There are 2 protein chains.
Amino acid sequence: MSDRVVPAADRRRRRPTKQGVVLSEELIVETALRLIEEHGAEALSVRRLGRALGADPSSLYRYFRHTDDLMLAVADELIGRTLRTWRPTGDWLADLRDLGLRMHAGALAHPRAAMLSSYRVTGRVYEIQAVETILGVLRGAGFPDTEAVRIYHAYVDQALAFGALDSANTALPKPARDAEAAVWQAMYAQLPADTHPHIAATARHLVATMRHSSYPAAQDLLLSAAAARLAEIRAGERALPTRSAGRSPSS
Amino acid sequence: MSDRVVPAADRRRRRPTKQGVVLSEELIVETALRLIEEHGAEALSVRRLGRALGADPSSLYRYFRHTDDLMLAVADELIGRTLRTWRPTGDWLADLRDLGLRMHAGALAHPRAAMLSSYRVTGRVYEIQAVETILGVLRGAGFPDTEAVRIYHAYVDQALAFGALDSANTALPKPARDAEAAVWQAMYAQLPADTHPHIAATARHLVATMRHSSYPAAQDLLLSAAAARLAEIRAGERALPTRSAGRSPSS
DNA sequence: TTAACAGGTCAACGGTGTTGTCATAAGGTG
DNA sequence: CACCTTATGACAACACCGTTGACCTGTTAA
């Protein structure tokens, strides 16, 4: 039974649930998000979602082909929310840095949803809008198409990947998280210099640094490399010899 | 029943399974790894693992408290294997690039383990060894401690985060994965230029680029930024030789 | 007013991780 | 060697899970 789902636009008969709820794609997505936030990622199941909505679990299959489709819808809603709060200034570097931090913050604000959706390509409206926007920023800055796509891909995946990573940490049960924090203090900071000289020498920095997300640092490194690349490209264009003079990582 | 598990060291009675197999932590971990490799990430369940071992599923709970514990043991083994296959040459940049690619490949080979272990600090032997090694490479290259720790953190987290991200994608059920691949071809490549000019202009590159992991590109960007930073630092040192020069860099 | 059918419901299938209980063979002890 | 303890494997059951085929019923368009 694969044509159970009816496109949202064609829905006419808004028949209420036994418990009086009128279902809709938006209501389901919202409820799923709420459920995830309140009771954790593993609290999201078709059955629980049905219960939370006041509907039979199987009703949801009139709106989404499978759980996966539902997750994609949730993911897209998250992208949309982030994109709507972003105000580009025209400075590509600052704009991308800001957008990246917003995406990361958005993921952390909805950790469990972020974990589930970070690795999916939704092909839905907000995602497409984000792709178009970021590509526009890069091309507008002067990156040629190949470079723009390459950097777009790395930039976006980095934001998503760190978002998911830090979200996963955030979503850890309390005792587990405390235990992890303790490891750096209790184990790494105590290692003797003769067996682990480098850890011992930097223990102070490690303990201080490891408790924060490394995303801002990682993003700055990535973007500054992109900026350097852009400078090279511009220089090459101006001189217009056969090759740019600046050496690249080469490989 | 939480004290079902007996530490490996205390095991004395090697009682064979009904089917004649003698269980052990190593055998279980190995079999789990093999199962994942042969039949995909979703083929690993306690029941299937039991079947593959020739033992009742519940027997495994004498060795691991829950599935997560098992996956962490698998992950630790993975770190060890990756480190063991890595041959540093002394060129810090090439060595870190190589190690990163190995970590990423290792994660992809065992997606479930990678997803679970990416955001955890285990404090186990191989993890400590990895920290010490990478810090050593960075400090040996000439990064001062603060920078070394900052870059270490970004570098490692990026490897872990991309490993988990790409693993999650790999671990997707096959139909879902095919669907994702199709999205780029069928949706992004078809968007009209008047509504989505940037996507339309780069569609060819997008389709080609998006099917691969962006990790190599992202890592190259991060490492090249680090290299630029190191050049800066060295230049600063040369100009301001307050410290003993030590061995000359000579790249 | 009514008939078609969208959309909600029910029950069932085959899967999952996990645990309480029982059975038995291994291994130390005398 | 025989005995006893007990570690460890097996079994059965529990509570979930996603999904689907069949059924039932209220809404809506004609």
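Labels below follow one simple rule: chain letters A, B, ... track the order of the sequence lines, proteins then strands, and each chain is numbered from 1. Since this is a predicted model, take the numbers as computed values, not measurements.
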Closer than 4.0 Å, any side-chain N/O of Ser59(A) to the OP1 or OP2 of dT9(C)? yes
Please classify the nucleic acid contact of Pro57(A) as base, sugar-phosphate, or nothing, using heavy-atom distances under 4.0 Å. nothing
Length of the CZ-P vector between Arg65(B) and dT19(C), whole Å: 11 Å
Rounded distance (nearest 0.5 Å) linking atom CD of Glu180(B) with atom CG of Asn169(B): 5.5 Å
So, is Lys18(A) close to the dG26(D) phosphate, meaning a side-chain N or O under 4.0 Å from OP1 or OP2? no
Looking only at side-chain N and O atoms, does Glu127(B) offer a donor or acceptor that is under 3.5 Å from a partner on Tyr188(A)? yes
Looking at dG17(C), does its base get a donor-acceptor pair with the side chain of Arg47(B) below 3.5 Å? yes
Does Arg48(B) reach the side chain of Leu44(B), with side-chain heavy atoms less than 4.5 Å apart? no
Whole-Å gap separating C1' (dG17(C)) and CG (Asp69(B)): 14 Å
Separation between CH2 of Trp184(A) and OG1 of Thr209(A), rounded to the nearest 0.5 Å: 9.5 Å
Rounded to whole Å, how long is the line connecting atom CE of Met71(A) with atom P of dG18(D)? 12 Å
Between Arg81(A) and Tyr126(A), is NZ or CZ placed under 6.0 angstrom from the six-membered ring centre and within 45° of the ring axis? no
Rounded to whole Å, the OH-P distance (Tyr61(B) to dC11(D)) equals 17 Å
Let's test your reading of the model: under 3.5 Å, does the base of dG26(D) pair with the side chain of Arg15(A) as donor and acceptor? no
In whole angstrom, what separates Arg62(B)'s CZ from dT6(D)'s P? 15 Å
Reckon Tyr63(B) touches a base, only the sugar-phosphate, or nothing at all at heavy-atom distances under 4.0 Å? sugar-phosphate
The nucleotide from dG17(C), dA10(D), dA23(C) with an atom nearest the side chain of Val46(B) is dG17(C)
With respect to the phosphate group of dC17(D), does any side-chain polar atom (N or O) of Ser45(A) fall under 4.0 Å of OP1 or OP2? yes
Is the shortest side-chain N/O distance from Arg48(A) to OP1 or OP2 of dC17(D) below 4.0 Å? yes
Whole angstrom is fine here: how far is it from CZ in Phe64(B) over to C1' in dT19(C)? 18 Å
Let me spell it out: for each of Thr67(A) and Asp56(B), pick the nucleotide of DNA chain D with the closest heavy atom. Which residue's pick is nearer the 5' end? Asp56(B)
